[in-house]
Amino acid sequence: MASAGSKEGSGDGIAELARRRGFLWLAFEIYGGAAGFYDYGPLGALLKRRVEEAWRNFYLKEGFYEIETTNIAPREIFEASGHLESFTDRAVVCKHCKSFFRVSEGVDVREKCPECGGELENAGEFNLMFQTRIGVPKGGRDEGAQKKSEGYLRPETAQGIFLNFQRLLRFNRDKLPFGVIQIGKAYRNEISPRKSLIRLREFTMAEAEVFVDPGEKSNHPRFEEIKDRKLWFVPSEGEEGEKSIEEAVRSGIIANEYLGYHIAKVEEFLGRIGIPQDKLRFRQHRQDEMAHYARDCWDAEFFSERYGWMEIVGVADRGDYDLSSHASHSNTDMGVHGKLQVREGEAEKTKAKIIPHVIEPSYGIDRIIYALLESSLYEEQVGKEKRKVLRFKNEIAPIIAAVFPLLNRDELKSKAKEVFQQLRDASIFVEYDDSGSIGRRYRRQDEIGTPYCITIDYETLEDDTVTIRERDTMEQVRVPIAEIKEALFAQYHMD
RNA sequence: GCGGCAAUAGUCUAGCGGUAGGACACGGGCUUCCCAAGCCUGUAACCCGGGUUCGAAUCCCGGUUGCCGCACCA
């Protein structure tokens with residue numbers, strides 16, 4: 001019998017398994033690789049696709065619509081968004097202790113090293129955005145024309161949504177609040193990408209932008225539904241601990257109901273795809289670590305056995321920063337007619353135009369994939385053997401089921417292939433395997449997280465029933481072939 | 001970016017100046033009526049570029065990648 005199963009101590013094993021079984025490969029490997037770039041192999045791509053699909057459906061159910069915007073944008077977009085200024089920086093380095101300082105942090109090359117008092121030298125300019133050229137620059141060496149043709153790969157997907165705000169508002173028939181989502185690549189030329197999928201130069205983000213009347217932020221229509229959920233909060237000031245969302249909002253730890261609601265939704269989604277709740281906490285940014293656009297920000301952090309606490313989702317209150325900035329830079333009206341603000345005794349009934357505020361849950365999909373891989377891997381002692389199991393939730397498992405003939409005999413093989421094809425034809429993504437012993441084949445599937453194995457034996461040939469073996473319990477049930485599809489579908493979509 | 005350590009089949013590793021070996025995995029065959037069994041058999045590797053040497057996987061230099069620490073992470 002299986003023991004309860006233990007976690008791998010360091011989390012090292014998952015990197016090896018992910019490489020070997022085709023989840024995750026270092027990009028450009030045959031040319032020596034490049035730091036910060038990973039490719040998803042066949043199983044990794046399936047897993048990622050299922051996570052993205054789960055995320056998409058989750059927010060579509062909230063009534064949000066998805067859009068898809070460009071990865072490259074002209075310079076002026078990032079002048080307006082503030083990324084050009086915040087992402088480009090001059091740096092100095094200490095000749096003596098090699099400490100590295102950003103000029104914007106107030107350390108100048110004429111000064112002495114704050115660490116050791118050594119002499120400083122210029123370390124050059126660095127820009128976290130990848131720069132490119134759009135079209136053929138006109139005007140030769142003319143600086144203005146050169147700048148005009150500058151383009152950048154987006155460092156977040158959000159801007160594409162802000163840029164389309166007017167259109168989106170119109171699409172939503174001029175009513176607030178509404179939400180828009182986008183899943184896509186973002187690019188940051190990190191100084192030292194490291195730690196597997198945790199810091200990449202090209203990565204996938206899933207972002208939701210919720211536009212709300214600032215006067216309504218403290219009043220989310222569905223707050224009731226989530227208010228009693230308990231989460232672990234680490235506020236920037238004061239004690240950390242478990243609190244209900246309602247407590248957190250009432251006591252001012254979380255600034256408003258909208259932020260509280262979306263923090264709760266983040267927790268709900270992560271739980272749904274299988275991130276264990278006891279490895280999650282919500283940590284508030286300190287003032288000095290906040291992004292330039294944020295007025296408040298909470299990170300959902302996952303506790304990695306290997307790397308410690310790491311951010312996997314950020315929920316930011318961006319205020320009106322982005323819309324106001326794009327409004328003034330592009331000379332576009334981003335205002336919305338708010339609700340009537342009629343004060344008692346006043347005759348005035350003009351609808352004031354307001355700039356909506358933005359609440360933004362921003363998911364790092366690759367980091368979530370890492371968290372899922374690491375937290376799903378269990379090693380169990382089964383008899384004398386160790387069994388490695390990826391306990392993925394059914395909803396995200398790359399492969400739903402595998403079909404085996406019990407023995408490597410023609411009559412069983414042809415029946416098994418028949419069942420396999422039947423399931424594939426029914427759009428159920430199954431694998432077929434007849435190599436090695438049945439136990440070996442079960443283990444292969446355990447290691448890639450396949451929830452069910454369907455085995456064709458001699459009884460099948462007599463009465464058209466098969467066994468379905470469940471991954472975590474290793475228990476089997478016998479079901480008629482005609483009912484496999486229903487049995488799998490019921491399981492697959494339920495949990 | 002800085003410093004330390006490392007890099008050998010798909011994976012883990014032995015070899016540390018002279019024929020690259022093992023284990024697991026994988027393929028083929030036999031066996032096997034349900035959990036990595038056994039037997040036979042096969043495929044498969046010295047990160048890249050220079051240097052030293054009669055001879056380099058091994059020593060030296062540079063690069064790349066990975067791990068750890070510092071810095072960075074809007």
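Every heavy atom of this structure was used, including side-chain atoms; hydrogens, water molecules and symmetry mates were not. All values derive from a computational prediction rather than experimental measurement.
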Using the [atom1] atom on both, measure [N] against [M] and round to a whole Å.
{"N": "B:rA44", "M": "B:rC70", "atom1": "P", "value": "45 Å"}
{"N": "B:rA57", "M": "B:rA23", "atom1": "P", "value": "24 Å"}
{"N": "B:rU11", "M": "B:rC16", "atom1": "P", "value": "24 Å"}
{"N": "B:rA9", "M": "B:rC67", "atom1": "C1'", "value": "22 Å"}
{"N": "B:rA7", "M": "B:rG42", "atom1": "P", "value": "31 Å"}

Counting Watson-Crick and G-U wobble pairs with both distances under 3.5 Å, what is the dot-bracket string for RNA chain B, 5' to 3', using [ ] for crossing pairs and | for pairs to another strand?
(((((((..((((....[..)))).(((((.......)))))....(((((..]....))))))))))))....
Length of the [atom1]-[atom2] vector between [X] and [N], whole Å:
{"X": "A:E462", "N": "B:rC33", "atom1": "CD", "atom2": "P", "answer": "15 Å"}
{"X": "A:E301", "N": "B:rC73", "atom1": "CD", "atom2": "C1'", "answer": "13 Å"}
{"X": "A:D433", "N": "B:rC26", "atom1": "CG", "atom2": "C1'", "answer": "12 Å"}
{"X": "A:E385", "N": "B:rA25", "atom1": "CD", "atom2": "C1'", "answer": "14 Å"}
{"X": "A:R19", "N": "B:rA7", "atom1": "CZ", "atom2": "P", "answer": "15 Å"}

side-chain contact (heavy atoms from CB on, under 4.5 Å) with A:D317: which of A:H262, A:E360, A:K217, A:M290?
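Among the candidates, only A:K217 passes.
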How are the rings of A:F233 and A:W298 set to each other: parallel, tilted or perpendicular (split at 30° and 60°)?
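Perpendicular: the ring planes of A:F233 and A:W298 meet at over 60°.
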Is the A:Y363 ring parallel, tilted or perpendicular to the A:Y59 ring (thresholds 30°, 60°)?
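Geometry flag for A:Y59 against A:Y363: perpendicular rings.
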Side-chain N or O of A:R440 versus OP1/OP2 of B:rC35: is the shortest distance under 4.0 Å?
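A:R440 to B:rC35 OP1/OP2: no side-chain N or O under 4.0 Å.
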Short side-chain N/O contact to B:rC33 OP1/OP2 from A:R409, under 4.0 Å:
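Yes, A:R409 has a side-chain N/O under 4.0 Å of OP1/OP2 on B:rC33.
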Looking at the base of [N], is there any donor atom on it, or on the side chain of [X], that sits under 3.5 Å from an acceptor on the other one?
{"X": "A:E190", "N": "B:rC73", "result": "no"}
{"X": "A:R199", "N": "B:rC72", "result": "yes"}
{"X": "A:D457", "N": "B:rC33", "result": "no"}
{"X": "A:R194", "N": "B:rG69", "result": "yes"}

Is there a donor-acceptor contact under 3.5 Å from the side chain of A:E470 to the main chain of A:D472?
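Here the side-chain-to-backbone pair exists.
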Of all residues at least two apart in sequence or in a different chain, which pass the salt bridge (Lys or Arg N to Asp or Glu O under 4.0 Å) check with A:K185?
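Result, salt bridge (Lys or Arg N to Asp or Glu O under 4.0 Å) vs A:K185: A:E202.
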Would you tabulate the nitrogen or oxygen pairs shorter than 3.5 Å linking the protein to nucleotides 63-65 of chain B?
from: B:rU64; atom 1: O2'; to: A:G32; atom 2: O; distance (Å): 2.7
from: B:rU65; atom 1: OP1; to: A:A35; atom 2: N; distance (Å): 3.1
from: B:rU65; atom 1: O4'; to: A:G32; atom 2: O; distance (Å): 3.3

Thinking salt bridges, do A:R367 and A:E301 make one under a 4.0 Å N-O criterion?
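Looking at A:R367 and A:E301, the cut-off is not met.
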